[in-house]
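Have a look at the structure below, then the notes.
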Amino acid sequence: MSDERARELADVEAGAVVCTLCPLAETRTRVVFGVGDPAADLMLVGEAPGYHEDQQGEPFVGAAGKLLDRLLGEIGLRRAEVYIANVLKCRPPNNRNPAPAEIEACSGYLRRQLALIDPRVVLTLGNFATRLLLKRDVGISRLRGQVYPWWNRHLVPTLHPAAVLRGGSGLMEQVRADFALAQQALAEKAAVADPAAEQLGLFE
Ligand code: URA
């Protein structure tokens, strides 16, 4: 990653922190752009900031974030070695689900993050990130458990850590298995080109 690309990412963030593209601009405390290594091989994409993230301006700093740090540790990675972002950069009031118009308004930021960071492996956390990137209207519990070719990269969908915290030990084993898949994908060379990639909308 060249310094120029790092500067470009900083420029995108500078635009995002003053964003008014959707009404969440009126209710947010801070924009939560993303954190980590701009040259990371692994990028994690969550849903949206919660209360603590909105206060601190950093993704996954609450209970779900502690679990995420633990799962990363189990595959030998620290938070500073990956890049973490969300589909939405601003907190929806009362942590409600992201609205389609909010996802649409915010998607340019995620698209530019993915293009600039250019990770080899993308780990999507939960339904919203997985649906947005994989463009499949299928629930996460059916999509998880495998690696998908995605824009010449690997995409690994998994459950959202908050769902694991609510759902018990069986879910933890599933997420652990998915993190292990991401670890394996990181050890591989570039993914096989995806013939359907041209039709996928995120990088248009
Ligand atoms: N949940 C998310 O999806 N993202 C965060 O940053 C925190 C909780």
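All ligand and atom numbering here is 1-based and tracks the order in the structure. Remember, predicted model here, so these are calculated numbers, not experimental data.
More than 12 heavy atoms of other shown residues, nucleotides or ligands fall within 6.0 angstrom of atom CZ in Arg96. For CD of Glu104, the number of neighbouring non-hydrogen atoms (other residues, nucleotides, ligands) closer than 6.0 Å is 12 at most.
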Distance dump, ligand 1 polar atoms to protein, N/O, under 3.5 Å:
{"unit_1": "ligand 1", "atom_1": "1 (N)", "unit_2": "His160", "atom_2": "NE2", "d": "3.2"}
{"unit_1": "ligand 1", "atom_1": "3 (O)", "unit_2": "Glu47", "atom_2": "N", "d": "2.7"}
{"unit_1": "ligand 1", "atom_1": "3 (O)", "unit_2": "Ala48", "atom_2": "N", "d": "3.3"}
{"unit_1": "ligand 1", "atom_1": "3 (O)", "unit_2": "Asn86", "atom_2": "OD1", "d": "3.4"}
{"unit_1": "ligand 1", "atom_1": "3 (O)", "unit_2": "His160", "atom_2": "NE2", "d": "2.7"}
{"unit_1": "ligand 1", "atom_1": "4 (N)", "unit_2": "Ala48", "atom_2": "O", "d": "3.1"}
{"unit_1": "ligand 1", "atom_1": "4 (N)", "unit_2": "Asn86", "atom_2": "OD1", "d": "2.8"}
{"unit_1": "ligand 1", "atom_1": "4 (N)", "unit_2": "Asn86", "atom_2": "ND2", "d": "3.4"}
{"unit_1": "ligand 1", "atom_1": "6 (O)", "unit_2": "Phe60", "atom_2": "N", "d": "2.9"}
{"unit_1": "ligand 1", "atom_1": "6 (O)", "unit_2": "Asn86", "atom_2": "ND2", "d": "2.9"}

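Applying the salt bridge (charged side-chain N to carboxylate O under 4.0 Å, His left out) rule to Arg112 yields no partners; only residues at least two apart in sequence or on another chain are considered.
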Please lay out, stage by stage, how Arg78 and Asp69 fare under the test salt bridge (charged side-chain N to carboxylate O under 4.0 Å, His left out). CA-CA 7 Å; Arg78 287 176 297 111; Asp69 288 345; over 6 Å; no
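Within the structure, the salt bridge (charged side-chain N to carboxylate O under 4.0 Å, His left out) test picks out the following pairs touching residues 23-41 (sequence neighbours left out): Asp41-Arg120. The stretch residues 20-53 participates, sequence neighbours left out, in no ring-ring contact (aromatic ring centres under 6.0 Å, His included) pair at all.
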